[in-house]
K.L.:
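The structure's right below; bear with me while I get my questions together.
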Protein chains: 2
Amino acid sequence: MVVYAGQGDPRRSIELLWRASVAEQRPGPKPGLSVDTIVDAAIEVADEQGMAFSMRAVGERLGRTAMALYTYVPGKNELVDLMYDRAMAELPATYSTEDGWRPAVTRWAHDMWEFYGRHPWMLQVSQARPVLGPHEFAVIEALAAILVPTGLPGRELRGIVGALHYFVRGAAQTVAEARAAGRATGEGDEEWWYARSAVLAELEPDLDKKFPMLHLLENDREPIDPELPYLENDAVENFRGGLKVLLDGVEGAVAKP
Amino acid sequence: MVVYAGQGDPRRSIELLWRASVAEQRPGPKPGLSVDTIVDAAIEVADEQGMAFSMRAVGERLGRTAMALYTYVPGKNELVDLMYDRAMAELPATYSTEDGWRPAVTRWAHDMWEFYGRHPWMLQVSQARPVLGPHEFAVIEALAAILVPTGLPGRELRGIVGALHYFVRGAAQTVAEARAAGRATGEGDEEWWYARSAVLAELEPDLDKKFPMLHLLENDREPIDPELPYLENDAVENFRGGLKVLLDGVEGAVAKP
DNA sequence: CGAGGTTACTTTACGTCGTAAGGAGTCGCA
DNA sequence: TGCGACTCCTTACGACGTAAAGTAACCTCG
């Protein structure tokens, strides 16, 4: 389920994101919860169960019913927006560029990679319309702060920032989903792959002849880390290789004006 | 909702994908449907309503109930796998490289871009575990056939192929979700953006000072196509710019051994 | 030609989800 | 002291995927 950001009342959403609500003295029973505790609990649930977590599960973790949450948060969509921005607070706000932009971008990419590994549900929040929260801004600001000093014009920088984001998200998504699928089915990668490729080889014996280039692509393969499962090794290799190519492209743009 | 591929019986899935079922004479009433008609109907529904289409909706389009589909297809997950592979059949199987690999890859990327625009739900099928259908293979084969002749080793090619895929998917996802969210909320991009940025400016007046680099990123902006909505222009610009950088990086790898 | 088995499709039902509606109890303030 | 705002609960609704069981159509074999 891809969750679309920002469908509700804009004012309410933005106010929640920037925590603009004033905690004045009010009549009625003391609130037992807060937006923050709810968001934290929801992130914990999502880390464990993925984006398909339920309001009931979040309520239960807090010793309440699902409906109790609706006192603090307009609905699940808005809660996801808040989770999204809150999680982003984990990421560094600045990167040192004293050894140049390239190592800094590399560190940024690795941080994002690991971050998405911790919070795979983040990858399922729609990117189309930004959540517009403070920490989301801070993350883009951090990357921009590395790249702006290269002197490239905004037009070019936006393309680069976009490509980096797309790339990191895509690469992270592959591992994240591999792990999630493994958990969901109780199958490890190896079993999954073996069961399918065996049937495929039986039903379609001359695959290599039908797709010769694909076959060539598959050679020269060595596990980066033999501890890691099959598909994850693949993903790590692709991440490193792809990032290198991308940054080489950026280097070209920086070198010649 | 991200749908995880290949959770069911491997043999049944692969047989369906490669259409290995034999249409022999069998007792009982004549089948009024077929896997193909169901997959086609499901694709139509998904094109209109997104990945959150329902089995009931697909059945209705065929003048049946939801349960009728289960005679032909084990479940919704498997149906999505079939839709995924079937839609991929629209894409070209080969690209001419007579003018070099770069224009060919560019054509490939644009084809993918437009394809995802036609079938945005494709972007929500999990990429972690390949569907392993014939047309999915064909699409990768087409890209591999462009890149293998550059002489780069498999290890490097996989990184490049991965990066291209991630990039195109990411860029396409941004527009696709912008459109989907627009349809879902009945808001155009402009209204959405305006409502939010107005509230944001009011609540957080000195954003530009808090995120100075972000502000610099935003200058030098001109619509590529004034007919297109706001976010879509952004996405097109990012796509072109990002693809250029990526291909520059590939060029570097090809040039020096 | 008629019985029996197999198949296509339907109806009904279950457990899940997000959340609307209404009520019970709690507290600040007049 | 009581009004009204507030938190949180119970109940309920309509959506979803799909399991189970029933009905009717059709082929095959006697």
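Residue numbers begin at 1 in each chain, while the letters A, B, ... track the order of the sequences.
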K.L.:
If the cut-off is 4.0 Å, is Thr71(A) near the phosphate of dC8(D), judged by side-chain N/O to OP1 or OP2?
P.N.:
no
K.L.:
Would you name the heavy atoms of Leu16(A) and Tyr72(A) that are closest together and state the gap between them?
P.N.:
CD2-O, 4.1 Å
K.L.:
Ring of Phe53(B), cation from Lys76(B) - is the NZ or CZ under 6.0 Å from the centre and inside 45° of the axis?
P.N.:
yes
K.L.:
Which is true for Ala68(B) with a 4.0 Å heavy-atom rule: it touches a base, it touches only sugar-phosphate, or it touches nothing?
P.N.:
base
K.L.:
Could you tell me the separation between the CD atom of Glu60(B) and the C1' atom of dC9(C), rounded to a whole number of Å?
P.N.:
16 Å
K.L.:
Calculate the interatomic distance between Lys76(A) atom NZ and dC16(D) atom P; express it in whole Å.
P.N.:
16 Å
K.L.:
Categorize Met55(B) for me: base, sugar-phosphate, or nothing, with a 4.0 angstrom heavy-atom threshold over every strand shown.
P.N.:
sugar-phosphate
K.L.:
Output the rounded distance in Å from CZ (Phe53(B)) to P (dC16(D)).
P.N.:
11 Å
K.L.:
If I take atom CG in residue Leu69(A) and atom C1' in nucleotide dT19(C), what distance separates them, rounded to the nearest angstrom?
P.N.:
11 Å
K.L.:
Ring pair (Phe, Tyr, Trp, His ring centres under 6.0 Å) for Phe137(A) and Phe211(B)? Distances and angles first, verdict last.
P.N.:
CA-CA 7 Å; Phe137(A) 278 18; Phe211(B) 304 108; 5.5 Å; yes
K.L.:
Do Arg56(B) and dT18(D) share a donor-acceptor pair, side chain to base, under 3.5 Å?
P.N.:
yes
K.L.:
Which of these nucleotides, dT18(D), dC8(D), dC16(D), is closest to any side-chain atom of Tyr72(A)?
P.N.:
dC8(D)
K.L.:
Does the Lys210(A) side chain pair with the main chain of Glu204(A), one donor and one acceptor, at a distance under 3.5 Å?
P.N.:
no
K.L.:
Could you write nucleotides 22-30 of chain D as a row of B, S and -, 5' to 3', where a protein heavy atom under 4.0 Å of any base atom gives B, of only sugar-phosphate atoms gives S, and otherwise -?
P.N.:
---BBSS--
K.L.:
Over all heavy atoms of both residues, which pair between Arg11(A) and Leu203(B) is shortest? Give the atoms and the distance, please.
P.N.:
NH2-CD1, 4.2 Å
K.L.:
So does Thr65(A) get a side-chain nitrogen or oxygen closer than 4.0 Å to the phosphate oxygens (OP1/OP2) of dC9(D)?
P.N.:
yes
K.L.:
Whole angstroms only, please: what is the CG-C1' distance between Leu33(B) and dA8(C)?
P.N.:
9 Å
K.L.:
Is there a donor-acceptor pair closer than 3.5 Å between any side-chain N or O of His135(B) and the backbone N or O of Arg86(B)?
P.N.:
no
K.L.:
5'-most contact on DNA chain C: Pro31(B) or Met67(B), nearest heavy atom basis?
P.N.:
Pro31(B)
K.L.:
Between C1' on dT11(D) and OH on Tyr70(A), what's the gap in Å once rounded to a whole number?
P.N.:
15 Å
K.L.:
When the distance from CD of Glu78(B) to C1' of dG17(D) is rounded to whole Å, what number comes out?
P.N.:
12 Å
K.L.:
With a 4.0 Å cut-off on N to O distance, would you call Glu44(A) and Arg61(A) a salt bridge?
P.N.:
yes
K.L.:
Heavy atoms only, 4.0 Å cut-off, all strands: where does Ser54(A) land among base, sugar-phosphate and nothing?
P.N.:
sugar-phosphate
